[in-house]
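Data first, discussion second: the structure below is written as structure tokens.
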Amino acid sequence: MEENIKHLYTQIENKHGFIILLSHEFKLKPNSIRTNWFSTFYSVPNKHQDRVIELLQNTIQRQNLIAV
């Protein structure tokens, strides 16, 4: 699952905006998410992984629709 998150995250064009989205979703500081979840090790907490994947997929789908 972590590899899936890593792969999907690399496809996000506006990473800052996505971090802000996660910050609002999980009520955490953006810097904490960026540093602890998406740094070198991509260690998203297990309890949030399903929702993060869903948000990643939705964000990628939206950015692809805009690009068309």
Side-chain angles (χ1 to χ4, degrees):
M1 191 165 308
E2 289 175 5
E3 282 299 315
N4 192 16
I5 290 172
K6 182 177 180 179
H7 175 71
L8 291 171
Y9 185 70
T10 61
Q11 296 178 44
I12 298 293
E13 293 173 2
N14 181 1
K15 289 182 174 43
H16 176 75
F18 184 72
I19 296 294
I20 298 299
L21 172 70
L22 292 179
S23 172
H24 291 295
E25 177 78 17
F26 297 112
K27 311 282 190 274
L28 298 168
K29 293 181 180 180
N31 198 37
S32 175
I33 291 174
R34 181 176 30 257
T35 303
N36 297 316
W37 293 15
F38 293 103
S39 63
T40 309
F41 301 109
Y42 290 87
S43 57
V44 176
N46 289 339
K47 64 183 179 180
H48 297 312
Q49 287 182 358
D50 289 335
R51 182 65 178 145
V52 169
I53 288 175
E54 183 179 345
L55 291 169
L56 281 163
Q57 291 171 335
N58 290 342
T59 301
I60 292 167
Q61 183 177 29
R62 252 183 273 116
Q63 76 187 22
N64 288 342
L65 286 174
I66 292 170
V68 173

Check: Which pairs, with at least one residue in residues 1-10 and sequence neighbours excluded, count as a salt bridge (charged side-chain N to carboxylate O under 4.0 Å, His left out)?
Finding: none
Name each donor-acceptor pair under 3.5 Å that joins a side chain in residues 26-35 to protein atoms two or more places apart or in another chain, with its distance.
residue : atom : partner : partner atom : Å
Lys27   : NZ   : His24   : O            : 3.4
Ser32   : OG   : Asn36   : ND2          : 3.2
Thr35   : OG1  : Asn31   : O            : 2.8

Next item on the list: Flag yes if Ile20 and Leu22 sit in one hydrophobic cluster, no otherwise; membership is Ile, Leu, Val, Met, Phe, Trp, Tyr, and two members link when side-chain heavy atoms are under 4.5 Å apart.
Entry: no
Item checked: Cluster link Phe18 to Met1, ILVMFWY, side chain under 4.5 Å -> yes
Notebook entry, point to check: Which pairs pass side chain to side chain donor-acceptor pair (under 3.5 Å) with one or both residues in residues 48-58, sequence neighbours excluded?
Noted result: Glu25-Arg51, Asn46-Gln49, Arg51-Glu54
Checklist line | Given Leu21, Leu55, Leu56, Ile19, the one that forms side-chain contact (heavy atoms from CB on, under 4.5 Å) with Ile12 | finding: Leu56
Next item on the list: Could you note down all residue pairs passing side chain to side chain donor-acceptor pair (under 3.5 Å) where residues 8-22 supplies at least one of them, sequence neighbours left out?
Entry: His7-Gln11
Next item on the list: Can you measure from CD1 (Ile53) to CG (Leu8) and round to the nearest 0.5 angstrom?
Entry: 6.5 Å
